[in-house]
Engineer: 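Structure provided below as structure tokens; questions to follow.
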Amino acid sequence: MPAAEPLSPEFLKSVSTGPGVYQMLARKEVLYVGKAVNLRKRLASYKRFSGADHSKTGMMLARVRRIETILTTTEKEALILEASLIKKHRPRYNVILRDDKNYPLIKVTVKDQWPRVLVTRKRVRDGSRYFGPYSSASSMREVLKLLQSLFPLRRCRKVQPRSRPCLNYQIGNCLAPCAMPVDKGAYKEMVDNILMILEGKNHELITVLRNKMQTAAQARKYEEAALYRDQIRELEKTLERQVVVAEHHLDQDVFGLSRKDASVGIAILFVRAGIVSGAQTFHLNDPLGSDEAILAATIIQYYSDQRQPPAEILLPRQPDDAGLLRERLSELRGSSVKLLVPRRGNRVQLMTMARQNAEQIFTDQEQQKKSWDNLASMLQKILHLGREPDHIECVDISNIGGRQAVGSLVCYKDGAPYKAGYRHYRIRGKETPDDYAMMREVLERRLEKGMVEQNLPDLLLLDGGKGQLSLAVDVLDQLGITDAIDLVAIAKEKELEGEKLFRPGRKNPILLPGHSPVLLFLMRVRDEAHRFGITHHRKLRSKSTLASELDALQGIGPQRKKLLLKIFGSLTRLKQATAAEIEHVPGIGAVLAGSIHQQLHQNDETR
Ligand code: SF4
């Protein structure tokens, strides 16, 4: 792993001519990760770079202080390593896929003894099957409703033995494996049917169900046959509503790419059994490289063992390293994957749809920008601000009875949440609750850092009234940035009164009608700060609850508690263990294991 003066002749001489990955670094930050079949040749090409200094590559090269290389045996290994280093470091000059929106997924917990179906927004490596993303929450809810109406899988988070099933059983939503004898084979069959629907195999499933209905009818099991009949009817109704875009019934992902100025929009349409089942879009801000390089980088980052590619991927052009990509994707899928650039027929129509979706990203952004510009100028006018507030931050302070006090700061840029700017501040000051002191501490820490990094907000929104406002005025004054930031405090002082907006230098609050877009926007930002604070608190609370749950276990001393944690790895895993599994821990017999299990589950909720 050589490291020397970047791109000097000595350094280049020391670099291998074999395949591998190179990382360009500023001091500590990884700026760019690339791969090459011949590392020395690839790095030497940067030496010959003749583009403008203000081009993106020029700017990156000006910042590089060090280059590190990692040798691999094959180019494919380099491709995989490059993707994993990009995921790890998220270098600012690489193509990084950030979901445009937080799309919902359907998760089937196939690894569970009694699987269930749920909605999630996160794909994790837990052995579950994930479907989607669904382009709209309503289309996803429709699918979920169908699955739940047809197949009564459990709804609760965890199946615990119960003496009586919950209401879900009474209303026919669950077979109640918690309390009733449920045939494992029949339950598995329901799960398999759900998977078929989610895989888009509705036609095949209808055929399977028809056969079963006939067999049941012949055996005079009329109730069972009626059940199959109802399921077939529901499925047929769903099929009627779906728009078939391709008659071939193949599974395809269709990539569309569109450019606007320095930005690139990428849309991926998911065609399952000839039906568009969802879409996902990405916005890449000023990415390095040609369309072919961007497509290659997108594909290698997008697919993984958690998100396997379909048999066919349609692309607007051949990506760089198409052969290598095909090999890698086929490996992930376990069978061959085709990368096609369609020229005629039905596939071209799909490509057009994907391209239009990619173009739509910019149209949507323009519309958002326009409506934000209007709102920003209204904010300035109505609240008498010194500037149009393109960068807004809002602070919320929360604590649990004075302990674990946390300041939560949310950031909005051009009217939209800018998650990279969200921060939590652990209050370092007092243990006893004092909202003013905590607010002061958070403001000072945020603004002092902002002055150094030159990223101060245009507008600071405070959750509170005159008190919070004069405190913030004081902080700004002390830091000498009074004119740099506008301050607004928002408070509802009495339950029946509306929100009041306070501004420095104004005795009376500004009262806006409840439907005012300015007021609604500020309330949204304030509520987002609350939400961000509450979510963080829940996490802290669940951590401390877990610790105290373990402490509260009766009948075992600290040594055995330690041993339990050591053997199960975490309290969560210990809670997942059965009494029989706990019994195997040295020094814990059947009676104690039963008691531990019972103590850990006595407060379990049913949802
Ligand atoms: S607790 Fe309710 S939802 Fe869970 S398995 Fe029992 S009946 Fe089903």
Side-chain angles (χ1 to χ4, degrees), residues 104-124 126-132 134 137 140-198 205 209 212 221 223-224 226-228 230-231 234-235 238 538 542 545-546 549 552-553 568 570-583 593-607:
L105 303 159
I106 289 186
K107 168 174 174 177
V108 186
T109 63
V110 288
K111 282 275 180 275
D112 286 352
Q113 188 190 11
W114 304 105
R116 70 176 178 137
V117 181
L118 63 149
V119 175
T120 178
R121 294 196 181 250
K122 238 192 194 163
R123 218 179 263 268
V124 287
D126 59 357
S128 298
R129 297 269 318 263
Y130 290 85
F131 297 88
Y134 290 85
M140 183 271 317
R141 249 180 257 121
E142 205 174 300
V143 176
L144 195 70
K145 218 167 111 195
L146 171 80
L147 298 177
Q148 292 181 333
S149 68
L150 290 180
F151 306 107
L153 297 194
R154 72 172 163 100
R155 304 285 179 97
C156 54
R157 280 188 165 191
K158 207 191 276 174
V159 185
Q160 296 298 332
R162 294 167 59 108
S163 51
R164 273 192 314 145
C166 77
L167 190 68
N168 279 312
Y169 173 74
Q170 323 291 339
I171 57 176
N173 279 347
C174 176
L175 293 182
C178 60
M180 314 295 282
V182 175
D183 178 10
K184 280 216 167 124
Y187 197 94
K188 184 173 178 305
E189 197 182 303
M190 292 199 298
V191 176
D192 290 343
N193 290 349
I194 285 175
L195 294 177
M196 277 178 92
I197 294 177
L198 291 170
L205 181 57
L209 293 176
K212 285 192 173 156
K221 293 180 179 166
E223 219 172 291
E224 201 179 312
L227 203 72
Y228 288 130
D230 294 346
Q231 291 178 343
E234 276 307 309
L235 280 173
T238 314
R538 273 203 198 119
S542 81
T545 318
L546 282 180
E549 264 185 83
L553 281 182
F568 288 98
S570 69
L571 189 61
T572 316
R573 290 216 195 106
L574 173 60
K575 287 184 92 176
Q576 283 163 357
T578 61
E581 284 164 343
I582 300 173
E583 192 188 326
S595 148
I596 292 171
H597 189 269
Q598 198 239 334
Q599 289 182 60
L600 286 173
H601 295 285
Q602 61 196 357
N603 294 324
D604 279 351
E605 286 172 315
T606 295
R607 293 193 195 182

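Counting starts at 1 for both ligands and their atoms, in listed order. Numbering of residues begins at 1 and proceeds along the displayed sequence.
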Engineer: Run the contact test for Asn168 against ligand 1 with a 4.0 Å cut-off on heavy atoms, strictly below, and give the result.
Structural biologist: yes
Engineer: Is a side-chain donor or acceptor of Tyr187 paired with a backbone partner of Gln113 at a separation under 3.5 angstrom?
Structural biologist: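 Absent.
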Engineer: Please say whether more than 12 non-hydrogen atoms of neighbouring residues, nucleotides or ligands are located less than 6.0 Å from CZ in Phe131.
Structural biologist: yes
Engineer: Return the minimal non-hydrogen interatomic distance between Met190 and Pro152, and the atom names on each side.
Structural biologist: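 Looking at all heavy atoms of both residues, the shortest contact is SD-CD, 3.4 Å.
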Engineer: With a distance cut-off below 6.0 Å to the six-membered ring centre and an angular limit of 45° from the axis, does Lys158 pair with Trp114 as a cation-pi contact?
Structural biologist: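 Here Lys158 fails the 6.0 Å and 45° test against Trp114.
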Engineer: Look at Cys174 and state whether any of its N, O or S atoms is less than 2.8 Å from atom 8 (Fe) of ligand 1.
Structural biologist: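 Cys174 does place an N, O or S atom closer than 2.8 Å to atom 8 (Fe) of ligand 1.
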Engineer: Measure from atom 6 (Fe) of ligand 1 to each N, O or S atom of Cys178 and report whether any distance is below 2.8 Å.
Structural biologist: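 Yes.
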Engineer: Using the side chain to side chain contact (heavy atoms under 4.5 Å, CB included) rule, pick out the option among Ile106, Thr120, Leu198 that qualifies with Tyr130.
Structural biologist: Thr120
Engineer: Answer with yes or no whether Pro177 contacts ligand 1, where contact means a heavy atom under 4.0 Å from a ligand atom.
Structural biologist: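 Right, Pro177 reaches ligand 1.
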Engineer: Look at Cys166 and state whether any of its N, O or S atoms is less than 2.8 Å from atom 4 (Fe) of ligand 1.
Structural biologist: no
Engineer: Have a look at ligand 1 and work out which part of Arg162, if any, has a heavy atom under 4.0 Å from it: side chain, backbone, both or neither.
Structural biologist: side chain
Engineer: Can you see which heavy atom on Gly127 is nearest to which on Lys111, and at what distance?
Structural biologist: O-CG, 3.6 Å
Engineer: Can you name the atoms of ligand 1, numbered from 1 with element, that are less than 4.0 Å from a heavy atom of Pro165?
Structural biologist: 7 (S)
Engineer: Any atoms of ligand 1 less than 4.0 Å from a non-hydrogen atom of Arg155? List them with their elements.
Structural biologist: 3 (S)
